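Encoded as structure tokens, the structure appears first; notes follow it.
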Amino acid sequence: MADTTSATFAPPPATNPTAVEPPKRWADEEDEAPEQPISTASAASSSYDKLAAELVEGLKVDEEEKINQYLEEPEESNITAVTSGDTPYTSASLFEDLNLSPELLKGIYVEMKFEKPSKIQAVTLPMILTSPYKDLIAQAHNGSGKTTCFVLGMLSRVDPKLMAPQALCICPTRELAMQNLEVLQKMGKYTGIIPELAVPNEKISVYKRGPVSAQVVIGTPGTIKKWMSLKKLGASYIKILVFDEADHMLAEDGFKDDSLRIMKDIERISSHCQVLLFSATFNETVKNFVSRVVKPDHNQVFVKKEELSLESVKQYKVNCPDERAKIMVVKDKIFEFGENLGQTIIFVRTKVNASMLHTELTGFGYEVTTIQGALKQEDRDRIVKEFKDGLTQVLISTDLLARGFDQQQVNLVINFDLPFKHNSPSEPDYEVYLHRIGRAGRFGRKGAVFNLLCHDRDHMLMSKIENHFGKQVTEVSSWQNVEDFKVALKEAGLL
DNA sequence: TCAGGAT
């Protein structure tokens, strides 16, 4: 594949719009982490090639509507946007183009240290912030700045003088809700807007508290649903509703029921509420479903699946004769080089495997921490904090952290187990795979992924993943040879 | 042998 950073911005079936901006990397801003200044126009820009206009599959826009209004867009973009209706949008090349308050701009420049909008931000922010406020389904690469899109959207649309919940953001895990809250607090530092976290809390009873007066609420589905049903969280003034990791939030085996319930309760009371659905992944099934969930005149932004895997993250597979060998690879190869690398996340499929691997590695005397949902919340919080503070080097995790978790120093991801679909174990979970490898290479950084394969099924899953993304994964010749791993890590740019 | 949130 030539280069995922390149593409044409062209809604079907129209002709290409005019290029208005010089090419730049898609990952010119990180997803959830504000700490790093944006590096804009990169040296890689010369290698962009132009892709043909592509159809957005699953488009469900009313045929009677004029659907081909589109943004003036940088021609080098790997996203396809389709807008619906008469509203014209102009890509925002500067944050100043967005009519943001001076307080919000100050947060963007001073606190976040952003310079200019990333690709996904340039395209979606005008859609989010232009009246009439239409629903939006937006897909963009891992680490490309999605969080900023909806956080900025929420902060910008909230009236700071009205002390009532006006924006709601729903996330699949407590960790992600907390991370998003932190971004919002930082970006909104000068706005005076008050946020609140809505996640389960053993210490504070929801029954004893008063109604929420915070203007932005970020949380997990069950808690938000509960607060709403207990009339602690009023929907009257909510005008923007965000689903982070929206494909998972609306998937059949995800949080679909809770999410729909919340959405309907809000829309019943606040019918003009704008709904934003963000994720790096939308499989065809979910894409079709979500486009029927939002209002018919919604806008869409999508990326082809072949272009979703990050070019900056080098993927490898390692054939291991048995489970024991997988542990040895982690022990002798990963820890061997680990000191010279950034941080590492080892993904396992089950809590049991997480505990097993943790016991094995600590038994060898290695320092490693493990996070999974069965731990107490305070332990989860501590482990995440230690990892984010750089106090721990290697973190074992279930898919709890597969999505959204942003830690820039992670440049190595180990798939100790490959993700597969619960209801059909011979099918890989392509979306989880993509989210996992997206934990490395945040903000366009270099990274490496090692997939440890031992059973026949692993090989089958791996080849299906390769086919799905149209990308061959390089094989490490021998699981026992330190040199092979060294070569791989050098090739990935990590040594 | 699902992991996640919440009950």
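The chains referred to below are lettered A, B, ... by the order of the sequence lines, with proteins before strands, and numbering in each begins at 1. Just so it is clear, the model here is predicted, and its values are computed rather than measured.
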Query - Between C1' of dG4(B) and CG of Asp247(A), the distance in whole Å - result: 14 Å
Report task. Can you tell me the distance, in whole Å, between the CD atom of Glu252(A) and the P atom of dA3(B)? Result -> 20 Å
Report task. Using atom CG of Asp257(A) as one end and atom P of dG4(B) as the other, report the distance to the nearest whole Å. Result -> 19 Å
Query - Interatomic distance, Phe416(A) CZ vs dA3(B) C1' [rounded to whole Å] - result: 18 Å
Requested in this report: Take atom CH2 of Trp227(A) and atom P of dT7(B), then tell me their distance rounded to the nearest Å.
Outcome: 12 Å
**Report entry** N or O in side chain of Arg261(A) less than 4.0 angstrom from dG5(B) OP1/OP2
**Finding:** no
Query raised in the report: Once you round it to whole Å, what is the distance between C1' of dA3(B) and CZ of Phe420(A)?
Result: 12 Å
Report task. Mind checking Lys421(A) for me? I need base, sugar-phosphate or nothing, with any heavy atom below 4.0 Å counting as a touch. Result -> nothing
Query raised in the report: Roughly, in whole Å, what's the span from OH in Tyr433(A) to P in dA3(B)?
Result: 21 Å
Query raised in the report: Tyr433(A) ring centre to Lys464(A) NZ or CZ under 6.0 Å, with the angle to the axis within 45°?
Result: no
Requested in this report: May I ask you to say what Lys351(A) touches in the nucleic acid, namely base, sugar-phosphate or nothing, with a heavy-atom cut-off under 4.0 Å?
Outcome: sugar-phosphate
Report summary line: Rounded to whole Å, CD of Glu202(A) lies from C1' of dG5(B) at a distance of 14 Å
Query raised in the report: Under 4.0 Å between a side-chain N/O of Thr173(A) and OP1 or OP2 of dG5(B), yes or no?
Result: no
Query - Proximal nucleotide (of dC2(B), dG4(B), dT7(B)) relative to the Lys226(A) side chain - result: dT7(B)
Report task. Answer yes when Lys287(A) and Glu284(A) have at least one side-chain N-carboxylate O distance shorter than 4.0 Å, and no when they do not. Result -> yes
**Report entry** Ion pair Arg382(A)/Glu386(A), N-O distance below 4.0 Å
**Finding:** yes
Requested in this report: Please name the pair of heavy atoms, one in Lys314(A) and one in Ala492(A), separated by the smallest distance, quoted to 0.1 Å.
Outcome: CB-CB, 3.7 Å
Query raised in the report: Does Arg174(A) have a side-chain nitrogen or oxygen under 4.0 Å from the phosphate oxygens OP1 or OP2 of dG5(B)?
Result: yes
Query raised in the report: Would you call Arg261(A) and Asp265(A) a salt bridge, taking side-chain N to carboxylate O under 4.0 Å as the test?
Result: yes
Query raised in the report: Contact class for Asn353(A) vs. all strands (heavy atom < 4.0 Å): base, sugar-phosphate, or nothing?
Result: nothing
